[in-house]
Amino acid sequence: MIRSAKTIIGLILTGIMLFPVYWMINVSFTKDTDMRADPPHLFPWNGTLEGYRAVIDQQMPYLGTSLLVGLGTVVLTLLISAPAGFALAKLRPRGGGALSFVLLIAQMIPGIIMAMGFYAIYLRLGVLNTIPGLILADSTIAVPFGVLIFTAFMSGIPDELINAALIDGASKWRTFLSVILPVSRNAIVTVSLFAFLWAWSDFVFATTLDGGGDHQPITLGIYHYIGNNNQQWNAIMATAVVASIPATLLLILAQRYVAAGVTAGAVKD
């Protein structure tokens, strides 16, 4: 009886949390003339595909830019955070504890403050409204997280593996590439997923550093639909539905790796 009650409560809470997603899909198929119906239509009986046509006609360049920025952020984040995590976990440099604390502090800095700093720097360097500039900015959010995840995960790798590689003549860099990275799959997937999602959903850096560029991400593409006298809600929601598909698929495919990656180092034998 108690188990059934818990199941029912769980289903109700799940339904409440998923209702905004359902409403987003519902509105994406709703005609403009039915938007203000009272009571609102719980199902688009006289649905339309105008919103999705708008996505195909207008939003594909924005989606392509977001894909480039997301993948670029993943690559840059891994190139920096994986070696840094290995160094903190296994090489134990002086000041490693202080550096880890600084990384924690860096994650607490509001994005808008960092965006203002980047704006002043990019303005002088002439890299405003560029994809590489946006990749670099997004990576500053993902790299501290990535270093902490890699450090925690690699701390659990037995030192015997590293010592065996060193005895066989491998350098520390070769040991990192040939021994550490192959067994750090869960951490790599975890960091890659979060880096991509942060870059994919970023709005603060995009609107501050790339608001006037020719190649803008999908968050700005959605924002362009909203105006004082022009609010294309079915197009907005259709774009949101399409933009959420890559993130949803990645979460589904990587969930078991993420579960192992984020809990790495939490329990010691």
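Just so you know, these numbers use all the heavy atoms, side chains as well, and skip hydrogens, waters and symmetry mates. Computed from a prediction, not measured in an experiment: that's the story for all the values here.
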Side-chain heavy atoms of Phe194 within contact of Thr77, under 4.5 Å: no

Shortest non-hydrogen separation from Ile135 to Thr73 and the atoms involved: CG2-N, 3.7 Å

Pair Ile157-Ser184, side-chain contact (heavy atoms from CB on, under 4.5 Å): steps then yes or no: CA-CA 9 Å; Ile157 298 177; Ser184 301; 3.8 Å; yes

Do Ser66 side-chain atoms and Leu63 backbone N/O form a donor-acceptor pair below 3.5 Å? no

Does atom CG (Asp214) have a neighbourhood of more than 12 heavy atoms from anything else shown, all under 6.0 Å? no

Should Pro61 and His215 count as side-chain neighbours, where that means a heavy-atom distance under 4.5 Å? no

Are the ring centres of Tyr225 and Trp233 closer than 6.0 Å? no

Validation row: Trp23, Leu42 side chains within 4.5 angstrom (heavy atoms): yes

Near Met60 CE, under 6.0 Å, is it more than 12 heavy atoms from other residues, nucleotides or ligands? no

Between Met116 and Leu123, is there a shared hydrophobic cluster once you connect ILVMFWY residues whose side-chain heavy atoms come closer than 4.5 Å? yes

Please indicate whether Phe101 has more than 12 foreign heavy atoms, meaning atoms of other residues, nucleotides or ligands, lying under 6.0 Å from its CZ. no

Pairwise distance CG(Leu251) to CZ(Phe196) - rounded to 0.5 angstrom: 10.5 Å

side-chain contact (heavy atoms from CB on, under 4.5 Å) assessment of Leu11 paired with Thr7: CA-CA 6 Å; Leu11 290 175; Thr7 301; 4.2 Å; yes

Same apolar cluster (I L V M F W Y, side chains within < 4.5 Å links), Met108/Trp198: no

Do Leu104 and Pro144 make a side-chain contact, defined as non-hydrogen atoms from C-beta onward lying under 4.5 Å apart? no

Working to the nearest 0.5 Å, report the span between CG of Asp138 and CH2 of Trp200. 12.5 Å

Same apolar cluster: Met114 and Leu125, side chain cutoff 4.5 Å: yes

Atom NZ of Lys90 with >12 non-hydrogen neighbours under 6.0 angstrom: yes

Which atoms form the tightest heavy-atom contact between Ala235 and Ala54, and what is the distance? CB-CB, 4.1 Å

Measure the shortest side-chain to side-chain distance between Arg185 and Val189 over non-hydrogen atoms and say whether it is less than 4.5 angstrom. yes

Treating Ile, Leu, Val, Met, Phe, Trp and Tyr as nodes and any side-chain heavy-atom pair under 4.5 angstrom as an edge, say whether Val75 and Ile188 lie in one connected cluster. no

Can you check whether Tyr122 reaches Leu136 side chain to side chain, under 4.5 Å on heavy atoms? yes

Closest heavy-atom contact between Ile218 and Ala243? CG1-CB, 4.1 Å

To check you understand the geometry: which heavy-atom pair defines the closest contact between Ala247 and Leu197, and what is its length? CB-CD2, 3.4 Å

Classify the side-chain pair Thr207/Tyr223 by whether it contains a donor and acceptor separated by less than 3.5 Å. no

With heavy-atom distances below 4.5 Å as the criterion, would you say the side chains of Tyr62 and Ile222 are in contact? no

Is Leu91 reachable from Ile80 through a run of hydrophobic residues whose side-chain heavy atoms are each under 4.5 Å from the next? yes

Using a distance-only test with no angle check, is there a side-chain donor-acceptor pair under 3.5 angstrom linking His224 and Gln216? yes

Worked verdict on Thr65 versus Val69 for side-chain contact (heavy atoms from CB on, under 4.5 Å): CA-CA 6 Å; Thr65 299; Val69 173; 4.2 Å; yes

Approximate separation, where rounding is to 0.5 Å, of Leu177 CG and Phe86 CZ: 9.5 Å

Close side-chain approach of Tyr22 to Phe43, heavy-atom, < 4.5 Å: yes

In Å and rounded to the nearest 0.5 Å, what is the CG to OG1 distance from Asp202 to Thr208? 8.5 Å

Aromatic ring proximity, centroids under 6.0 angstrom, Phe29 and Tyr52: yes

Measuring from Phe118:CZ to Leu134:CG, what's the distance to the nearest 0.5 Å? 10.0 Å

Residue pair Ala170 / Thr175: nearest heavy atoms and the distance that separates them: CB-OG1, 3.7 Å

Would you give the length of the straight line joining atom CD1 of Ile236 to atom CG of Asn234, rounded to the nearest 0.5 angstrom? 8.5 Å

Quick one, Val147 with Leu88, criterion side-chain contact (heavy atoms from CB on, under 4.5 Å). Give me CA distance, side-chain angles, the key distance, then yes/no. CA-CA 9 Å; Val147 174; Leu88 290 175; 3.7 Å; yes

Shortest non-hydrogen contact from Thr30 to Pro44? OG1-CB, 4.1 Å

